[in-house]
There are 2 protein chains.
Amino acid sequence: MGSDLVGVLAVLASPQRLRLIAALAGGSNYVSQLARELQLSRPLVHMHLRRLEEVGLVVGRMELSADGKAMRFFDVAPFAFQLTPEAIQDAVRTMEEK
Amino acid sequence: MGSDLVGVLAVLASPQRLRLIAALAGGSNYVSQLARELQLSRPLVHMHLRRLEEVGLVVGRMELSADGKAMRFFDVAPFAFQLTPEAIQDAVRTMEEK
DNA sequence: GACACGTGTCAGTCGTAACTTACACATGTA
DNA sequence: TACATGTGTAAGTTACGACTGACACGTGTC
């Protein structure tokens, strides 16, 4: 479990996904609301959040609202990656040994 | 000069480019040699190095070999990015103010 | 029932980065 | 001369992620 740097970078290399993380850094939120705030279609937000969750950058939870609607809230995971030539060298080494 | 995080991430999100950085972290090298070592076509290496250089992750220099050939050597720049939700939040803020 | 809100997913289209092949240009050596 | 090495770039294909629209499914309210 070296928290796959190359995978994380691939997911992080998207303006929209960065905007999603930035939005979630301001507090947890749910899919439809995020779509409205960021001016994106809901399926698109859904897809981006899924990819972010796959690499563990955000965590999602189901929650029932007061009026009984099932809503999917997301939070940012408290990640911290150090991005240096050496870190990349290690990541690539790990990557290439199968 | 906020060293554009989103641009850097976009460039860094490529297995091949990560391999290039890893290779260069082991010492400076030139295009054709890198292509051989990483098993990539030379134009492809050329393109990836150009993108890496555009965001300042590597630096290239022209050098004349002993037998008079013009060779393009590259070195990794000593970068260090801290990748956290807060850093992304700042980067996005900078990104959105035009 | 019709509507508003939430969830999820599937089938497409579209744009672009990745990649290859081929070209042009240098130099030094057999 | 021909061939090896190096450089750069332009044209074309291809693979893939991004994105939209439509669908199905829930709930509570008018």
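Convention: sequence-line order gives letters A, B, ...; per-chain numbering from 1.
Atom CG of L64(B) is separated from atom C1' of dG28(C) by 13 Å (rounded to the nearest Å). As rounded to whole Å, 14 Å separates atom C1' of dT7(C) from atom CD of E63(A). Between R50(A) atom CZ and dC19(D) atom C1' the separation is 13 Å, expressed in whole Å.
Put simply, the side chain of R17(B) gets close to the backbone of V11(B): a donor and an acceptor are under 3.5 Å apart.
For the pair Q16(A) and dC19(D), the criterion of a side-chain N or O lying under 4.0 Å from OP1 or OP2 is met. H46(B) has no side-chain polar atom (N or O) that falls below the 4.0 Å cut-off from OP1 or OP2 of dT7(D). Look at S41(A) and you won't find any side-chain N or O under 4.0 angstrom from OP1 or OP2 of dC19(D). Contact annotation: H48(A) reaches the phosphate of dC19(D) (side-chain N/O to OP1 or OP2, under 4.0 Å). The phosphate of dT7(D) (OP1 or OP2) has a side-chain N or O of S32(B) nearer than 4.0 angstrom. Between S65(A) and dT27(D) there is no side-chain N or O to OP1 or OP2 distance below 4.0 Å. Neither OP1 nor OP2 of dT7(C) sits under 4.0 Å from any side-chain N or O of Y30(A). Between R36(B) and the phosphate of dG6(D), there is a side-chain N or O to OP1/OP2 separation shorter than 4.0 Å.
Taking only side-chain atoms of R17(A), from C-beta outward, the nucleotide of dT5(D), dA18(D), dT20(C) with the closest atom is dA18(D). Taking every side-chain heavy atom of D67(B) into account, dG28(C) is the closest of dC19(D), dT21(C), dG28(C).
Salt-bridge check for E53(A) with R72(A): passed, with a basic side-chain N closer than 4.0 Å to an acidic carboxylate O.
Nearest-nucleotide positions on DNA chain D place V31(B) closer to the 5' end than the other of V31(B) and Q39(A).
In this structure, CD in Q89(A) is found 10.0 Å from CG in L24(B), a value given to the nearest 0.5 Å. Between atom NE2 of residue H46(B) and atom CG of residue L34(B) there is a gap of 12.0 Å, rounded to the nearest 0.5 Å.
On a pure distance criterion of 3.5 Å, a polar donor-acceptor pair joins the side chain of R42(B) and the base of dG8(D).
For the residue pair R19(B) and S14(B), no side-chain donor N or O sits within less than 3.5 Å of a side-chain acceptor on the partner.
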